[in-house]
Amino acid sequence: MDRPDDPVRQRILATVDSIPRGRVASYGQVALEAGLPGRARLVGRTMSELAEGTKLAWHRVVNAAGRISTSGASAREQRRRLRAEGVAVDARGRVDFAVHGWRP
DNA sequence: GCGCTGACTCCCC
DNA sequence: AGGGGAGCCAGCG
């Protein structure tokens, strides 16, 4: 599993792409929805390998605690993008799933 | 093949 | 709420 055309990767990307604007999902939830239960790390890896200018809404994926799992510039970018689409992100970088969680 | 390293998650304390 | 431990698995040296 690693090339751009890998079917597993495609499923992960498609699932992330289906998260509606203003909602967030956890890595584990994305894995589950993509038919890959227990493969949260793979989702995280996949996100980390995205190209700079990707159109994918990677910022709508956070960890199971509702926290932004990135660090540095990408963490700030993620926070910025989430807030820009109306998602409340607290000072610690946490989103409330009860309010903004993706419920497929 | 081996060990380490994560944009992860549970479970237990 | 926060930390340790175990399970997870693909990539890399």
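So that the names make sense, note that chain A is the first sequence line, chain B the second, and so on, each numbered from 1.
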Requested in this report: Find the distance between CZ (R76(A)) and OG1 (T70(A)) and round it off to the nearest 0.5 Å.
Outcome: 9.5 Å
Requested in this report: Tell me which residues in residues 54-74 of chain A put a heavy atom below 4.0 Å from DNA chain B, sorted by number, or none.
Outcome: W58(A), N63(A), A64(A), S69(A), T70(A)
**Report entry** Pairs flagged by salt bridge (charged side-chain N to carboxylate O under 4.0 Å, His left out) wherever residues 21-38 of chain A is involved - sequence neighbours left out
**Finding:** none
Requested in this report: Any pair with a residue in residues 56-67 of chain A that passes side-chain hydrogen bond (donor to acceptor under 3.5 Å, both in side chains), sequence neighbours left out, goes on the list, sorted by first then second residue, please.
Outcome: H59(A)-E85(A), R60(A)-E85(A), N63(A)-S69(A)
Requested in this report: Treat each ILVMFWY residue as a node, draw an edge where side-chain heavy atoms are under 4.5 Å apart, and state whether L56(A) and V30(A) are in one component.
Outcome: yes
Query raised in the report: In residues 88-104 of chain A, which ones come under 4.0 Å of DNA chain B, going by heavy atoms?
Result: none
Query - Distance in angstrom units between M47(A) CE and dA10(C) C1', rounded - result: 15 Å
Requested in this report: Whole angstrom is fine here: how far is it from CD in E77(A) over to C1' in dA7(B)?
Outcome: 14 Å
**Report entry** Any residue meeting side-chain hydrogen bond (donor to acceptor under 3.5 Å, both in side chains) with T15(A), in chain and number order, not counting sequence neighbours
**Finding:** none
Query - Test side-chain hydrogen bond (donor to acceptor under 3.5 Å, both in side chains) applied to D17(A) - qualifying residues, sequence neighbours left out - result: none
Query raised in the report: Just how far, in rounded Å, is C1' of dC8(B) from CD1 of I12(A)?
Result: 12 Å
Report task. Sequence neighbours left out, what passes side-chain hydrogen bond (donor to acceptor under 3.5 Å, both in side chains) with R80(A)? Give chain and number order. Result -> E77(A)
Query raised in the report: Closest approach of A57(A) and V16(A), non-hydrogen atoms and distance?
Result: O-CG1, 3.7 Å
Report summary line: Here the gap from K55(A) atom NZ to L13(A) atom CG, rounded to the nearest 0.5 Å, amounts to 14.0 Å
**Report entry** R79(A) CZ to dA7(B) P, straight-line distance once rounded to whole Å
**Finding:** 18 Å
Query raised in the report: Under the side-chain hydrogen bond (donor to acceptor under 3.5 Å, both in side chains) rule, what pairs show up with a residue in residues 91-104 of chain A, not counting sequence neighbours?
Result: D90(A)-R94(A)
Report task. For the residue pair L42(A) and M47(A), establish whether any side-chain heavy-atom pair is separated by less than 4.5 Å. Result -> no
What protein N or O atoms touch nucleotides 11-13 of chain B N or O atoms at under 3.5 angstrom, if any, and at what distances?
none

Requested in this report: Starting from C1' on dA7(B), measure out to CZ on R76(A) and report it in whole angstrom.
Outcome: 15 Å
Protein and nucleotides 6-9 of chain C: nitrogen or oxygen contacts under 3.5 angstrom:
none

Report task. Give, for atom OG1 of T46(A) and atom CZ of R41(A), the distance between the pair rounded to the nearest 0.5 Å. Result -> 12.5 Å
Query - Under 4.0 angstrom between S26(A) side-chain N/O and dT9(B) OP1 or OP2 - result: yes
Query - Co-members of the apolar cluster containing I68(A) [side chain, <4.5 Å] - result: V24(A), V62(A), L82(A), V87(A), V89(A), V95(A), F97(A)
